[in-house]
Amino acid sequence: MTPVSVEKFKALLKRKGMKVTPQRLAVHEAMMYLCHASADMVCKYLADKGGTRITPASVYNTLTLMARTGIYHQVPGCGSRMYFDIDAESHVHLHSAATGEFLDINDDELCDWLNDRFRHRRFRGYKVDSIEVTLVAHQTRKTFQNK
């Protein structure tokens, strides 16, 4: 997936009735570079880059707002850390618990099968909103690759 350009991001914010702020643009720029990141990772990227000043709380709130409005996707990581994904479309993640890295696995057949299987399935007192698949893996090579 190609990350949403800054211009498209601005248009998305406006369409959803949100202001385009320097802080939101800085967070989006970081996410365009990182693709999958925790709030801490975005803060580190922004601090290393310099420029727009933004507090860690504002970074987390911005990421959470972008996930809640469907611009980004919230991805639970291993442990208590929450990650955000710039790709809000349905896909599978491969996650290295050791390094914290995520890779996107585009398997439309698997996603379609899961959605078909659970779309009308009833669980007493619950309705399925979405299906998240994360494969937790360990590295077998020095570089973490999607192959």
Side-chain angles (χ1 to χ4, degrees), residues 1-115 118-119 123 126-147:
M1 185 239 165
T2 304
V4 174
S5 71
V6 172
E7 291 308 313
K8 287 183 181 178
F9 180 72
K10 288 178 183 179
L12 268 172
L13 290 177
K14 289 177 183 175
R15 188 169 47 233
K16 292 181 180 282
M18 295 186 284
K19 292 182 181 179
V20 176
T21 65
Q23 293 81 8
R24 288 177 179 163
L25 292 175
V27 168
H28 184 67
E29 179 184 320
M31 288 300 293
M32 286 176 61
Y33 178 79
L34 299 168
C35 295
H36 301 91
S38 66
D40 292 340
M41 293 165 72
V42 171
C43 286
K44 181 176 179 347
Y45 174 89
L46 293 173
D48 290 349
K49 183 177 180 286
T52 304
R53 299 184 76 110
I54 182 168
T55 66
S58 291
V59 168
Y60 181 78
N61 290 339
T62 299
L63 291 168
T64 302
L65 177 63
M66 296 305 112
R68 200 170 53 238
T69 57
I71 296 172
Y72 296 162
H73 184 71
Q74 202 166 349
V75 182
C78 292
S80 62
R81 181 168 283 184
M82 185 59 63
Y83 290 85
F84 297 86
D85 185 351
I86 200 165
D87 183 354
E89 298 295 316
S90 180
H91 61 280
V92 176
H93 286 109
L94 182 67
H95 177 64
S96 169
T99 66
E101 291 180 273
F102 281 88
L103 290 175
D104 290 339
I105 306 294
N106 293 312
D107 188 333
D108 292 338
E109 186 178 335
L110 175 61
C111 291
D112 290 345
W113 182 85
L114 288 167
N115 284 322
F118 290 102
R119 182 174 318 166
F123 299 95
Y126 293 92
K127 180 181 184 294
V128 175
D129 295 320
S130 66
I131 298 169
E132 308 293 327
V133 177
T134 300
L135 306 171
V136 180
H138 68 277
Q139 291 177 299
T140 59
R141 297 183 184 156
K142 293 222 185 256
T143 58
F144 198 55
Q145 298 177 356
N146 181 4
K147 290 199 177 201

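We count residues from 1, following the sequence as given. For the numbers below, each heavy atom of this structure counts, side chains included, while hydrogens, waters and symmetry mates do not.
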Once rounded to the nearest 0.5 Å, what's the spacing between atom [atom1] of [X] and atom [atom2] of [Y]?
| X | Y | atom1 | atom2 | result |
| --- | --- | --- | --- | --- |
| Leu110 | Asn115 | CG | CG | 9.5 Å |
| Asn61 | Thr55 | CG | OG1 | 7.5 Å |
| Met18 | Thr69 | CE | OG1 | 4.0 Å |
| Ile54 | Arg24 | CD1 | CZ | 9.5 Å |
| Leu65 | Lys16 | CG | NZ | 10.0 Å |
| Asp112 | Arg119 | CG | CZ | 8.5 Å |

| field | Qualifying residue, where the test is side-chain hydrogen bond (donor to acceptor under 3.5 Å, both in side chains) with His73 and the options are His91, His36, Glu132, Glu89 | value |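 By the side-chain hydrogen bond (donor to acceptor under 3.5 Å, both in side chains) criterion, His73 pairs with just one of His91, His36, Glu132, Glu89: Glu132.
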| So, His95 side chain and Leu103 main chain: donor-acceptor pair closer than 3.5 Å or not? |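 Not at all, since once roles are kept as given, no pair shorter than 3.5 Å links the two residues.
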Check: [Y] and [X] side chains under 4.5 Å, non-hydrogen atoms:
| X | Y | result |
| --- | --- | --- |
| Val27 | Met66 | no |
| Lys10 | Leu25 | yes |
| Glu29 | Val6 | no |
| Met82 | Thr64 | no |
| Asp107 | Val133 | no |
| Tyr83 | Tyr72 | no |
| Ile71 | His28 | no |

Of all the heavy-atom pairs spanning [X] and [Y], show the shortest one and how long it is.
| X | Y | value |
| --- | --- | --- |
| Val42 | Ala37 | CG2-CB, 3.9 Å |
| Thr99 | Ser96 | OG1-OG, 3.0 Å |
| Ala26 | Leu46 | O-CD2, 3.5 Å |
| Cys111 | Val92 | SG-CG2, 4.2 Å |
| Ala137 | Leu94 | CB-CD1, 3.6 Å |
| Ala39 | Leu63 | CA-CD1, 3.7 Å |

| query | Thinking salt bridges, do Asp40 and Lys44 make one under a 4.0 Å N-O criterion? | reply |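 Salt bridge flag = no for Lys44 with Asp40.
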| request: Give a yes or no on whether Tyr126 atom OH has more than 12 heavy-atom contacts from other residues, nucleotides or ligands under 6.0 Å away. | output: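 Result for OH/Tyr126: open.
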| query | If you count the non-hydrogen atoms of other residues, nucleotides and ligands that lie under 6.0 Å from OH in Tyr33, is the total more than 12? | reply |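 No, not enclosed.
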| said: Between Phe102 and His93 (judged by ring centroids, cut-off 6.0 Å), do the two rings come close enough to count as a pair? | reply: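 They qualify: ring centres under 6.0 Å apart.
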